[in-house]
4 protein chains.
Amino acid sequence: MTSRSKVRKPSQERSRVTVEAILEGASQVLRSEGLAACGTTKIAKRAGVSVGTLYQYFPNKESIFEELIDRLLDQRAAARSAVVEATEDTEDLGAAVRSLMDQLLAVHMADPELQHELHKYEATRGFTRLEKYEQQMQGVVAAALEKHAARLRPLNTPLAARVLVHAMTGVVERMSRENPRMLGEPAVRREIAALLAGYVSPTNPVALLDVE
Amino acid sequence: MTSRSKVRKPSQERSRVTVEAILEGASQVLRSEGLAACGTTKIAKRAGVSVGTLYQYFPNKESIFEELIDRLLDQRAAARSAVVEATEDTEDLGAAVRSLMDQLLAVHMADPELQHELHKYEATRGFTRLEKYEQQMQGVVAAALEKHAARLRPLNTPLAARVLVHAMTGVVERMSRENPRMLGEPAVRREIAALLAGYVSPTNPVALLDVE
Amino acid sequence: MTSRSKVRKPSQERSRVTVEAILEGASQVLRSEGLAACGTTKIAKRAGVSVGTLYQYFPNKESIFEELIDRLLDQRAAARSAVVEATEDTEDLGAAVRSLMDQLLAVHMADPELQHELHKYEATRGFTRLEKYEQQMQGVVAAALEKHAARLRPLNTPLAARVLVHAMTGVVERMSRENPRMLGEPAVRREIAALLAGYVSPTNPVALLDVE
Amino acid sequence: MTSRSKVRKPSQERSRVTVEAILEGASQVLRSEGLAACGTTKIAKRAGVSVGTLYQYFPNKESIFEELIDRLLDQRAAARSAVVEATEDTEDLGAAVRSLMDQLLAVHMADPELQHELHKYEATRGFTRLEKYEQQMQGVVAAALEKHAARLRPLNTPLAARVLVHAMTGVVERMSRENPRMLGEPAVRREIAALLAGYVSPTNPVALLDVE
DNA sequence: CATGAATGAGTTTTCATTCAT
DNA sequence: TATGAATGAAAACTCATTCAT
């Protein structure tokens, strides 16, 4: 679970609705006009509140984006947990790979425009948040690799996990950028599976290539 | 070769020197203070010219970054050409993979701070330029895949090329962000090779995983 | 007694308590955070009421400070009355001077931080209220000067009263600003007495200085 | 001489003119509309420049007021120096007193409206600058008291200097507030002289009053 | 009466760009 | 052509005050 502490507490029900309205307003502006054009005035207008109200709940503009990212990361964390569960309960390597892939695809297929704009914001901040998230993801993958080690080629687990997560998210992110619909195609899903599986497979031919 | 049409009169010698000074100034500010703090006045000062002069050679601030990106992409295009050459002359798949990888690593190891800041700028623009570049890269890879098709598993070439390029650049870019030195480690090089080779290898186990 | 007309319905008991709470809240915020940081919301919070309630009893923020000043001036008025009494009943000039001085010192030694912040507020308003107060003080002093005229040097009474009051309050106010504790020192008390007494004394040497 | 370092250096002649225009604009707004209504936009407009220009020369609004105060204090410092000179060269106590008084009166008679508004600003800042200035003034007075000690009543010099400066500035400041013209009247000048002279005179009757 | 969320005019400040010298 | 002072639109943020509940 991520922080969310920056949002003020006016615990009343009305408050929650307003906060939601602001975040939804920001999301809409991000989607329709992009990060660069997403100012506090515009956000407030779309949210149907005044700037003053906006600042009653968020200390500054950035904190709105941060909250949006928090929520995005919460979704991803949930996906991660689903992967962990799916992996823990079975010896089926294929199931693990499918779970990992499917969760990732699902997460990226939801509201891709918004995600792209938030990604731009993250770029601004040096990707600090997303980087941390991906590190946790690496932890999950590393655990899975350890568990199934017997059926995989010999691996430097942390490095392999890093490569896997980076490759997978690299592919998914770029495809989402080019055309989010692609992520729904079975062929794409299959190829990503091939990428992951081929990398860890005992039949991987690196040994034959004289790299180094 | 990329555009560069925005820059006025590269004919006079004095002019060329000034343009270079401005670009170098911008690069320095980007490296030392980051994109967010990189204003025209600061650039001009570091370049040792006045803002007025800066606007004599560049129509606006963005065009400076665009030119810097042009040059970055020129370097990458050169790397791409090197890969094409290396691949065309040989039947050695390993050599092709190594060439691809090495060029990519080399490109990302040069001036990583500057590249990160330019990447932030590109994020702002929706990665239009980088995306176009990666598409060209996909063309090169697709050609190589066609050429060596006989020794690879059956592939949907365009899709496979896309996955390969995205995976590779995804890994390299993220590692460069985490720690650029990583890119110089032989182990990393080997694992990237494994990622690429495993994906296209006829021994890839996707068929066994019942993905769809 | 000063106005206080701005405060609504001091009739109900509950009301009076609330008004007191608000004034006490304001005083606390003034003391601890200063005039600049003393907003209505903060005042209300410290008073344990809502902003709405605050505005039920005070028409605007200024009126709170005005009331606080009213009370300060009431204290000073009381001090003034004490001086008047002390002066009326006796022919002792020394007693009059001592009374004047002691009341003034006592008033300024009480809650100096609050007084300083209220003084800043008064500065904002052009010192209107304090000026009026000092004028009344001048009246008292003028009366005393008339009464004891026989034992003093020849004086333009209103002007002399003005000079006396201005000098005395000028000294006390500044000392309070520099260090309120100073006001408690006997040496200081003695010097202020010397200032006042020397000014009106028949032995005053102005005549010898050829000032005009 | 006071700092003035906050003002940027664009050494050209044009610059100086602009800085002067801004300061004059600020002075005018202060005089005609008061500190409270003196915003950057209004200052710039009166100065005949744009806000941007204003911020080219002053880092923020406060720095404009600070510079105005610097200049005011420079005038006062000059007055102080004149007093020092006048006092050093003579054994005439009357001359010293007259010089002190006259300089003070002259300084306060120049542009009193502006001074009052700057005084309000200083109130905001806790009178830090003015306080420091008055301390220096106390030093000057203390020196004079030491020099003429033989002809004065026994004094605790630092305390006496403090009382004298506080009394004098208190009187002058308040009179300037009530009605600046008063400061020009000979009677007033005479009474201030009486205040100062009576305080230090060997004939001062404090000893007779049983204070303490 | 009490509440506190909502308001929005107003303020300061920035910075890409222009243009007179 | 070079200069750098001037521009001013735009953005973020504040806070006294109101009013629906």
Side-chain angles (χ1 to χ4, degrees), chain A residues 8 10-19 21 36-45 47-62 64, chain B residues 8-9 12 14-15 18 37-45 48-64, chain C residues 8-9 12 14-15 18 37-45 48-64, chain D residues 8 10-19 21 37-45 47-62:
Chain A
R8 289 198 192 167
S11 42
Q12 318 295 300
E13 177 53 17
R14 175 93 88 85
S15 302
R16 239 215 69 236
V17 172
T18 306
V19 168
C38 189
T40 49
T41 319
K42 231 174 238 172
I43 293 176
K45 193 160 286 171
V49 302
S50 68
V51 225
T53 298
L54 187 156
Y55 278 93
Q56 193 116 49
Y57 295 99
F58 295 90
N60 49 47
K61 191 177 68 158
E62 310 248 291
I64 299 175
Chain B
R8 289 186 196 170
K9 321 192 193 185
Q12 317 290 328
R14 173 88 91 81
S15 301
T18 308
C38 188
T40 50
T41 313
K42 232 176 234 168
I43 293 175
K45 190 160 289 168
V49 301
S50 69
V51 223
T53 299
L54 185 155
Y55 276 90
Q56 197 87 35
Y57 293 98
F58 294 89
N60 49 46
K61 189 175 74 160
E62 311 249 293
S63 64
I64 299 174
Chain C
R8 289 186 195 168
K9 320 193 193 184
Q12 315 290 328
R14 172 89 91 84
S15 302
T18 308
C38 189
T40 49
T41 314
K42 230 175 234 170
I43 294 175
K45 190 161 288 168
V49 302
S50 69
V51 223
T53 298
L54 185 155
Y55 276 90
Q56 199 85 34
Y57 294 98
F58 294 89
N60 48 46
K61 190 175 75 159
E62 312 249 291
S63 65
I64 298 174
Chain D
R8 290 196 192 169
S11 42
Q12 316 296 299
E13 178 53 18
R14 175 93 87 83
S15 301
R16 239 215 70 237
V17 172
T18 307
V19 168
C38 189
T40 49
T41 318
K42 230 173 239 172
I43 293 175
K45 193 161 287 172
V49 301
S50 69
V51 226
T53 297
L54 187 156
Y55 278 94
Q56 193 116 49
Y57 295 98
F58 295 90
N60 49 48
K61 192 177 68 159
E62 310 248 292

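Below, each value reflects all heavy atoms present in this structure, side chains not excepted, and no hydrogens, waters or symmetry copies.
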query: Can you check the Glu62(D) CD to dT11(E) P distance for me, whole Å?
result: 15 Å
message: So, does Thr40(C) get its side chain near the phosphate of dA16(F), meaning an N or O under 4.0 Å from OP1 or OP2?
response: yes
Nearest-Å distance for atom pair CD/C1', residues Gln56(B) and dT17(E): 13 Å
message: Just verifying a value: how many Å separate Ile64(B) CD1 and Ile43(B) CD1, rounded to the nearest 0.5 Å?
response: 4.5 Å
- prompt: Does a side-chain N or O from Thr18(D) land closer than 4.0 Å to OP1 or OP2 of dA6(F), or not?
  reply: yes
field: Atom pair SG (Cys38(C)) and NZ (Lys61(C)), whose distance is rounded to the nearest 0.5 Å
entry: 6.5 Å
- request: Please tell me if the side chains of Thr40(A) and Tyr55(A) come closer than 4.5 Å, counting only heavy atoms from C-beta onward.
  value: yes
message: If you compare every side-chain N and O of Ser50(D) against the phosphate oxygens of dG8(F) (OP1, OP2), does one of them come in below 4.0 Å?
response: no
- line: Which of dT12(E), dG8(E), dA2(E) is nearest the side chain of Thr41(D)? It is dT12(E)
field: Length of the line joining Lys45(B):NZ and dA5(F):P, which is rounded to integer Å
entry: 9 Å
query: Touch check for Gly39(C), heavy atoms < 4.0 angstrom, all strands: base, sugar-phosphate only, or nothing?
result: sugar-phosphate
- request: Check whether any side-chain heavy atom of Thr18(C) lies under 4.5 Å from a side-chain heavy atom of Ser15(C), and answer yes or no.
  value: no
task: Write down the distance between CD1 (Ile43(D)) and C1' (dT11(E)), rounded to a whole number of angstrom.
output: 12 Å
- prompt: DNA chain F: Gly52(D) or Asn60(A), which has the more 5' nearest nucleotide?
  reply: Gly52(D)
Rounded distance in Å - NZ (Lys42(C)) to P (dT14(F)): 11 Å
query: Taking for each residue the nucleotide of DNA chain E bearing the nearest heavy atom, is the 5' side occupied by Cys38(D) or by Thr53(C)?
result: Thr53(C)
- prompt: What is the distance, rounded to the nearest whole Å, between atom OH of Tyr57(B) and atom P of dT17(E)?
  reply: 18 Å
message: Is the phosphate of dA2(F) approached by Tyr55(B) (side-chain N or O, under 4.0 Å from OP1 or OP2)?
response: no
message: Using whole Å, what does the distance between atom C1' of nucleotide dA16(E) and atom NZ of Lys61(B) come to?
response: 7 Å
task: Search all heavy atoms of Ala21(D) against all heavy atoms of Ala47(D) and return the closest pair with its distance.
output: O-CB, 3.3 Å
message: Distance check needed: dC19(E) P versus Leu54(B) CG, whole Å only.
response: 17 Å
message: What does the 5'-to-3' dot-bracket notation of DNA chain E look like when only Watson-Crick and G-U wobble pairs under 3.5 Å count, and pairs to other strands show as |?
response: .||||||||||||||||||||
task: Could you tell me whether the phosphate oxygens of dC1(E), OP1 or OP2, come under 4.0 Å of any side-chain nitrogen or oxygen in Ser15(C)?
output: yes
